[in-house]
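Notes to accompany the following structure.
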Amino acid sequence: MYLKYEDFKNCERLKIITLEFLEPFIKNLSETHGKMRKDRKVLDHHFYDGITSPFDPAQVVGSIIRDEDTPYAGSSWAFTQRFNVKWDFFSRLNTDQKSDVISRNSEGVIIPDDNKRSHIQRARVYNNQRENLKLVRQALPFGHSVTGAGREQGIYFVAYANETASMEKIMRSMAGDGHGSAPDHLLNNVQGISGGYFYLPNVMELGSQHGLEKSDFHVDPHWKIRSKNGWMFYNSNDYLTVMGTDRYPDPPSQRILHLIGNIFSLWRSHWYQVRNIPEVPHLKNFLKPDEKWVMQAPIPIRKGMAIKKSLSLVNTNPHYPQTPKMYAWQADQFRIDPMDILFGIMPELSLGRGKEIMPNLRDDEKQYAFSLMLDESSAMGHVVPNHKKMLAIGLGGMIKEVTTHEKNATGEQLTFYTSSRLALEGVQGWLSNYANMATQMAKDKKHNPEERKNLKEIAARAKKLMTKKPDSFIEAVQLVFTMHACFHLTGNPVAVGRLDQLLIDFYENDTISEEAAQEIIEAFWIKLGEKALHNRHYATDHVSYGTTAVSYIGGNFPQGGGINQWVQQVTVGGYLPTKGKKGEPGANPITLMALKASRRLPLNAPCLSLRIYKGMDKELLTEAGKALLSGGAHPILFQEDRMIKGLNKFTGFPIEDARDFACDGCYETMIAGQTEFCFSNITPFDAFECTMNQGAKYSMAGPIYLNGWKTSWRSPHAKDIRTFKEFKSIFLQHLE
């Protein structure tokens with residue numbers, strides 16, 4: 001019997017009442033009194049306990065409450081074990097060795113190593129869907145050791161889960177199963193004394209009308225740290241507890257909290273398990289006999305075919321269930337949560353980390369490409385796609401239009417249209433594979449009725465979007481995310497564009513409630529922010545020439561470039577693309593939903609840009625202020641009139657196009673479907689030095705090159721440059 005209460009006196013009272021009821025069935029009775037210390041540490045105050053246990057309702061319920069369609073729904077399982085600490089062994093370890101036992105130091109910070117025998121490595125076990133098996137657990141110190149003042153005799157451990165299989169897998173991992181015969185380091189330092197499994201009936205079985213309430217959940221004091229402004233959170237545990245227990249003015253839905261709790265767990269996995277994303281095999285390995293001609297076709301056609309094969313056979317595939325041998329499983333790019341609102345997975349890699357995409361060059365072309373510091377992954381995607389057209393005619397309509405042009409084209413135009421058709425067919429394959437996965441998952445009785453219903457709806461949407469245009473709000477959001485994910489998966493990290501303008505017609509023509517639409521927008525945010533790398537040890541594993549943030553020569557960008565927020569820009573607000581002299585306000589209900597999502601979800605991606613103008617609704621500006629207070633520097637603010645004046649005056653854009661700008665990755669202003677740009681490295685200070693030193697660089701001046709090294713033409717001496725206009729002219733010539 002395991003009894004727990006906030007204070008010992010009430011726990012004693014509960015014990016007496018319980019023993020009176022159970023006395024006829026008791027043969028032997030022993031008691032262990034455990035109590036959590038004020039510093040919440042175990043093993044002689046060395047380790048914080050339970051700092052990764054879920055504390056919020058969504059994660060606790062998902063981890064420990066059985067939800068199958070049976071009379072036992074709402075019940076749970078508990079496992080208890082009493083351990084004595086081997087102080088004669090543990091006390092001889094030095095500080096670093098003690099930290100290695102858990103792979104956390106005394107402050108609770110993870111030690112980023114690959115020690116496979118550390119406790120946190122062994123206790124983190126994954127199922128076939130690569131989901132971490134979660135327990136609600138606690139370790140309470142009990143007794144007093146005779147070997148040192150303040151040391152506990154042992155640890156009383158209790159864990160709760162919705163199935164005993166989860167506990168079994170974790171314990172087997174700790175004992176050494178799958179890791180040779182060596183147990184985890186913690187088991188070397190403790191000795192099991194007694195324990196067992198317990199079934200915890202649901203309230204109906206107990207004849208009670210009361211279960212857990214949201215107010216019963218309290219965040220671990222270790223994580224109860226947040227900004228005084230009330231909007232910003234510093235850790236995921238505190239965030240989920242506060243949001244999930246109605247201690248926030250307008251929290252996201254429990255469904256959203258479930259999904260974001262899953263991605264927090266995914267982020268933490270980087271500290272425990274290295275995901276070695278493999279290289280994608282060459283295009284020639286996927287070609288059917290009647291497709292071999294592609295290897296002799298122009299490079300753009302091979303690129304199109306590589307995109308098709310990547311999306312339909314590599315990043316996803318028609319197989320269910322997935323196996324660990326499949327690329328999509330190894331790269332974690334093909335899965336569905338039964339409660340997903342939107343389906344699809346962003347790639348693990350990003351502009352700051354490099355790429356892995358399907359090679360398609362022949363051997364005779366590789367050397368020339370390398371001499372230019374380029375390869376198949378060098379496309380940077382600095383465009384804002386014209387999602388508006390895709391939403392208007394659908395994927396099937398796009399393929400039909402491209403096919404019509406292809407039939408009448410020759411030369412380079414034929415190459416372009418053929419490549420485009422092949423790439424769009426790849427998106428169809430991506431959707432088809434998700435439809436198949438959702439359909440197969442919906443047949444599995446392990447999912448509850450609500451989950452099976454949701455999976456069937458996902459399958460239906462995927463099948464529809466393969467050929468037909470979207471009609472509902474959720475279909476439109478799904479198609480935007482589908483195209484965004486497929487761009488990024490194939491090495492073209494693009495921005496999203498003006499989301500509020502793209503979606504407003506679908507929202508206004510739908511019967512969907514504002515709350516349901518907000519949930520879909522927040523699901524979109526979660527999908528864009530799902531993949532993030534926090535373990536810096538693996539930040540540059542996939543960096544090579546031309547694959548990262550700056551074209552031609554990539555590099556390490558430690559300022560957060562590996563966290564995958566780059567170029568995932570969403571732009572909202574601003575004027576409508578009208579021709580009149582005065583701009584027409586374009587902010588709409590989707591604008592407010594995007595701002596709320598940015599405030600309520602602690603994600604780096606997407607980057608939100610808000611185009612503000614005089615007279616903008618005060619509710620929008622207030623929400624923008626709250627979002628900024630929540631951290632992350634979202635939204636970025638753009639002054640509408642100044643931006644549009646600059647675009648119209650200095651670039652020659654028609655006023656209606658200038659009013660339709662959206663932000664690219666680093667906030668460059670782009671017109672969706674019309675403009676692009678590329679990087680080039682220039683060093684203005686070199687040109688400045690040459691201007692001041694007759695074409696020589698001061699940085700090279702010294703005993704060999706007295707006046708510096710000549711790197712440009714011999715311009716007039718500095719004393720002969722009389723005006724700033726003359727200086728500017730010389731400077732620009734050196735810059736060229």
Side-chain angles (χ1 to χ4, degrees), residues 225-236 238-239 242-243 248-250 252 256 260 263-264 267 346 350-353 382 384 484 488 493-500 521-522 524-534 536 539 548-550 556-574 587 590-613 616 618-640 642-643 661-670:
I225 304 170
R226 74 181 69 96
S227 170
K228 293 181 180 179
N229 69 37
W231 302 108
M232 183 164 61
F233 295 84
Y234 290 123
N235 61 79
S236 60
D238 185 49
Y239 169 84
V242 171
M243 289 294 190
Y248 189 84
D250 59 338
I256 288 295
I260 200 169
I263 72 168
F264 288 157
W267 291 355
M346 291 294 292
S350 65
L351 271 184
R353 290 195 60 207
H382 281 287
V384 176
H484 182 78
H488 282 247
V494 297
V496 174
R498 301 187 69 184
L499 190 68
D500 50 359
I521 291 296
E522 289 177 352
F524 182 72
W525 247 245
I526 287 174
K527 280 297 178 185
L528 296 187
E530 182 172 7
K531 290 295 183 72
L533 177 74
H534 292 161
R536 61 189 179 278
T548 53
V550 181
N556 182 19
F557 288 79
Q559 307 92 341
I563 304 180
N564 208 22
Q565 84 273 37
W566 281 11
V567 307
Q568 294 202 81
Q569 280 276 1
V570 170
T571 305
V572 294
I590 310 300
T591 314
L592 185 61
M593 293 178 197
L595 290 167
K596 283 185 176 181
S598 184
R599 165 175 58 86
R600 303 201 300 189
L601 303 177
L603 302 170
N604 274 344
C607 286
L608 181 65
S609 294
L610 175 65
R611 294 168 48 180
I612 59 175
Y613 46 82
M616 178 175 267
K618 186 176 180 180
E619 183 181 13
L620 290 170
L621 296 176
T622 300
E623 191 59 57
K626 292 177 182 177
L628 286 167
L629 287 172
S630 71
H634 307 309
I636 306 298
L637 302 178
F638 284 79
Q639 210 294 323
E640 187 76 343
R642 292 186 179 183
M643 291 296 299
F661 79 87
C663 297
D664 188 29
C666 295
Y667 319 108
E668 301 90 352
T669 50
M670 310 288 285

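Every heavy atom of this structure was used, including side-chain atoms; hydrogens, water molecules and symmetry mates were not.
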For the pair Phe264 and Tyr239, name the ring-plane relationship: parallel under 30°, tilted 30 to 60°, perpendicular over 60°. perpendicular
Positive for salt bridge (Lys or Arg N to Asp or Glu O under 4.0 Å) with Glu522, one of Lys596, Lys527, Arg600: Arg600
Could you report the tightest heavy-atom contact between Ala587 and Met616, atom names first, then the distance? CB-CE, 4.5 Å
Run the numbers on Leu620 and Leu610 for side chain to side chain contact (heavy atoms under 4.5 Å, CB included), then give the verdict. CA-CA 10 Å; Leu620 290 170; Leu610 175 65; 5.8 Å; no
Pro249 versus Trp231: any side-chain heavy-atom pair under 4.5 Å? yes
Minimal non-hydrogen separation, His634 against Cys607, with atom names: CE1-CA, 3.7 Å
For Arg498 and Gly573, indicate whether the former's side chain and the latter's backbone hold a donor-acceptor pair under 3.5 Å. yes
Report the distance from atom CH2 of Trp525 to atom CD of Gln568, rounding to the nearest 0.5 Å. 11.0 Å
Considering all heavy atoms, the nearest Pro252-Met243 contact: CD-SD, 3.6 Å
Ser630 backbone acceptor or donor facing Arg599 side chain under 3.5 Å: no
Interatomic spacing from CD in Glu530 to CD1 in Ile260 - rounded to 0.5 Å: 10.5 Å
Is there a donor-acceptor pair closer than 3.5 Å between any side-chain N or O of Thr591 and the backbone N or O of Asp500? no
Rounded to the nearest 0.5 Å, what separation is found between the CD1 atom of Ile612 and the CD atom of Glu640? 9.0 Å
Look at atom CD of Gln639 and say whether more than 12 heavy atoms of other residues, nucleotides or ligands are closer to it than 6.0 Å. yes
Starting at CG of Leu592, measure out to CD1 of Ile521 and round the result to the nearest 0.5 Å. 11.0 Å
Counting C-beta onward and ignoring hydrogens, is there a side-chain heavy-atom pair between Val496 and Phe524 closer than 4.5 Å? yes
Considering non-hydrogen atoms only, spot the tightest contact between Ser609 and Gln569 and give its length. OG-OE1, 3.0 Å
Residue pair Ala662 / Val384: nearest heavy atoms and the distance that separates them: CB-CG1, 4.3 Å
Checking side chain to side chain contact (heavy atoms under 4.5 Å, CB included) for the pair Met346/His488: CA distance, chi angles, key distance, verdict? CA-CA 7 Å; Met346 291 294 292; His488 282 247; 3.5 Å; yes
Side chain to side chain contact (heavy atoms under 4.5 Å, CB included) assessment of Leu603 paired with Leu528: CA-CA 9 Å; Leu603 302 170; Leu528 296 187; over 6 Å; no
What pair of heavy atoms forms the shortest contact from Ser598 to Leu608, and how long is it? CB-CD2, 3.8 Å
Rounded to the nearest 0.5 Å, what separation is found between the CD1 atom of Ile256 and the CD1 atom of Ile526? 4.0 Å
How long is the gap from OG1 on Thr669 to CZ on Phe661, to the nearest 0.5 Å? 7.0 Å
